[in-house]
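Quick note on labels: first sequence line is chain A, next is B, and so on, each numbered from 1. Given the structure is predicted, the values throughout are model-derived calculations rather than measurements.
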There are 2 protein chains.
Amino acid sequence: MTSDVRARTDPSIETARSIVETGLEGGAVVTVFGECTVEYDGRAASTLGPGDRHVMCKPDGTVLVHTDEGHQPVNWQPPGCTHEVVVAEDTFTLESRRDNPDEFLAVTFESVGHVAAFDVTDPEELSLSGTEEDLRQRILENPSLIEPGFTPLATERETPAGAVDVYGEDDDGQAVVLELKRRRVGPDAVGQLARYVEALQRDLHAETGVRGILVAPSVTDRARSLLAERGLEFVALEP
Amino acid sequence: MTSDVRARTDPSIETARSIVETGLEGGAVVTVFGECTVEYDGRAASTLGPGDRHVMCKPDGTVLVHTDEGHQPVNWQPPGCTHEVVVAEDTFTLESRRDNPDEFLAVTFESVGHVAAFDVTDPEELSLSGTEEDLRQRILENPSLIEPGFTPLATERETPAGAVDVYGEDDDGQAVVLELKRRRVGPDAVGQLARYVEALQRDLHAETGVRGILVAPSVTDRARSLLAERGLEFVALEP
DNA sequence: AAATAGATTTCGTCC
DNA sequence: GGACGAAGTCTATTT
């Protein structure tokens with residue numbers, strides 16, 4: 001079986017340009033290994049001197065520049081950009097632009113070690129589990145995971161401060177706000193919960209007050225202090 | 001000039017395995033275009049059915065699986081993982097593991113369109129400007145950007161709620177906390193600033209109170225309301 | 001190793 | 001298109 005691949009090792013600049021350009025036009029994923037410099041200007045600005053890197057262009061307008069280290073690209077352009085190949089003497093430059101925000105990325109290759117264009121088509125969708133949404137489903141199916149007598153009444157209930165993960169009432173009929181996190185939480189999540197409780201308090205002008213419960217595998221010390229200060233509660237629950 | 005590249009188009013499974021394995025051992029960046037399935041289990045869990053994708057392995061233990069769309073990989077493994085190549089009948093699998101947290105990724109190739117191993121060495125460091133740190137420098141050099149008479153006294157000043165971006169005092173000698181953001185801010189940043197002001201208030205037991213100023217290009221409506229509620233201020237400043 | 005917050009965060013969803 | 005919050009976020013810094 002032969003795939004839709006065009007590739008060349010140690011190509012001339014002209015050959016590299018041709019494969020990149022043809023690949024981009026044909027909707028392929030194009031990759032280049034080579035020595036390059038990178039200039040970026042947009043939300044921020046950066047320069048990157050000469051070095052060996054891996055550059056990938058996707059048909060949706062994404063550009064990724066990877067070094068030999070790290071999960072994240074050292075430079076990139078998000079989906080929706082338009083690519084252009086510009087040839088100079090002994091170099092070729094991949095230029096990528098977008099508007100809103102105005103951003104520009106230029107990768108100039110002094111030499112190319114390898115270039116390839118491959119027709120990537122992915123019919124499958126990722127099936128992911130263990131997310132915050134899954135945690136919510138588990139609580140709705142078994143509300144006593146929070147506490148005996150807890151009754152969920154709504155998810156994503158709107159308040160002036162934003163949507164509450166789970167809204168319900170406890171055994172005594174008192175309003176309860178749940179903020180769910182799939183991992184250990186810090187002070188930020190407490191702030192979020194506090195804002196919701198405050199907003200809902202006002203919204204309901206409840207005489208009995210509104211309980212706020214942070215649901216997560218664990219909390220940091222500082223977060224625990226903040227919870228105590230604000231009269232908020234914590235329920236440990238693994239994702 | 002010849003680079004340290006090994007590459008093959010439409011290789012046999014055995015050839016592909018050989019190039020990947022040799023590349024990994026030699027500390028190269030290895031890329032594979034091909035039809036594969038991906039299984040992940042760790043902090044969450046996922047499965048991805050057969051499809052054409054681009055897989056990159058870095059010598060630092062990173063794995064990235066890219067489809068034809070999006071900035072982010074559809075599956076990945078962060079730096080620090082250990083790779084292993086396992087061969088079965090007509091397929092080969094790249095397995096990547098790490099501890100703490102325990103995570104496992106397996107990419108099984110049914111067919112390989114192209115494989116390449118390239119010695120990537122990047123001597124340069126990225127020079128980036130327009131970050132929050134740059135914004136802080138600008139304020140320290142020209143404090144009147146905040147308001148006439150503002151005097152910075154410390155950066156990263158520690159409080160029980162965390163480190164404050166900029167701490168100083170105003171024309172009247174009143175304590176001021178700045179929270180800097182390089183982009184338009186929402187409610188979260190207001191919560192952050194509120195926590196700092198509250199903590200510093202307590203820390204200083206100041207009679208005159210502590211002013212909190214959010215410094216950002218702009219704020220959302222909800223954030224503006226929250227600022228007003230809590231008696232906090234806003235200064236517009238572009239990054 | 002844990003905690004905390006930034007990031008050119010990206011991404012999805014809802015208004 | 002903006003707003004808001006999740007993410008298997010990752011990454012750097014500090015304790």
Nucleotides 6-15 of chain C: protein proximity per nucleotide (B base, S sugar-phosphate only, - neither; heavy atom, under 4.0 Å): SSBSBS----
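Comment: B/Arg182 does not engage B/Glu132 in a salt bridge, judged by the lack of any side-chain N to carboxylate O separation of less than 4.0 angstrom. Using a 4.0 Å cut-off between a side-chain N of Lys or Arg and a carboxylate O of Asp or Glu, B/Glu179 and B/Arg195 do not qualify as a salt bridge. Electrostatic pairing of A/Glu133 and A/Arg136 counts as a salt bridge here, judged by a charged N lying under 4.0 Å from a carboxylate O.
C/dC11 and D/dT11: their P atoms are spaced 16 Å apart (whole Å). Spacing of C1' atoms, C/dA7 relative to D/dG5, comes out at 16 Å, to the nearest Å. Separation of the C1' atoms belonging to C/dA5 and D/dA7 is 16 Å when rounded to the nearest angstrom.
Screening residues 52-76 of chain A for salt bridge (charged side-chain N to carboxylate O under 4.0 Å, His left out) gives A/Arg53-B/Asp122 as the qualifying pairs, with residues at least two apart or on separate chains. Sorted by first then second residue, the salt bridge (charged side-chain N to carboxylate O under 4.0 Å, His left out) pairs that include residues 210-238 of chain B, not counting sequence neighbours, are A/Glu198-B/Arg230, A/Arg202-B/Glu229, B/Glu147-B/Arg211, B/Asp170-B/Arg211, B/Arg211-B/Glu233.
B/Pro101 comes within 4.0 angstrom of nothing in the nucleic acid, heavy atoms only.
In this structure, OG on A/Ser96 lies 10.5 Å from CD on A/Glu84, to the nearest 0.5 angstrom. Between B/Leu178 atom CG and B/Lys181 atom NZ the span is 12.5 Å, to the nearest 0.5 Å.
Mapping heavy-atom proximity under 4.0 Å, the span of DNA chain D touched by chain B runs 5' to 3' from D/dA3 to D/dT11.
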side-chain contact (heavy atoms from CB on, under 4.5 Å) between B/Thr31 and A/Phe33, intermediate numbers included: CA-CA 10 Å; B/Thr31 63; A/Phe33 279 114; 3.5 Å; yes
side-chain contact (heavy atoms from CB on, under 4.5 Å) between A/Val190 and A/Leu232, worked out: CA-CA 8 Å; A/Val190 181; A/Leu232 302 172; 4.2 Å; yes
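Using a 4.0 Å cutoff on non-hydrogen atoms, no part of residues 219-239 of chain B comes near DNA chain C.
Side-chain contact check for A/Arg183 versus A/Pro239: every heavy-atom pair is 4.5 Å or farther apart. The shortest distance between side-chain heavy atoms of A/Val20 and A/Phe92 falls below 4.5 Å.
For the residue pair B/Gln77/B/Tyr40, the side-chain donor-acceptor check at 3.5 Å is not satisfied.
One finds no side-chain N or O of B/Arg136 lying less than 4.0 angstrom from the OP1 or OP2 phosphate oxygen of C/dA5.
In DNA chain C, consecutive stretches of 3 or more Watson-Crick or G-U wobble pairs with both distances under 3.5 Å are given as paired ranges: C:1-7 with D:9-15, C:9-15 with D:1-7.
Ring geometry for A/His66 against A/His54 counts as tilted: the plane angle lies between 30° and 60°, on a 0 to 90° scale.
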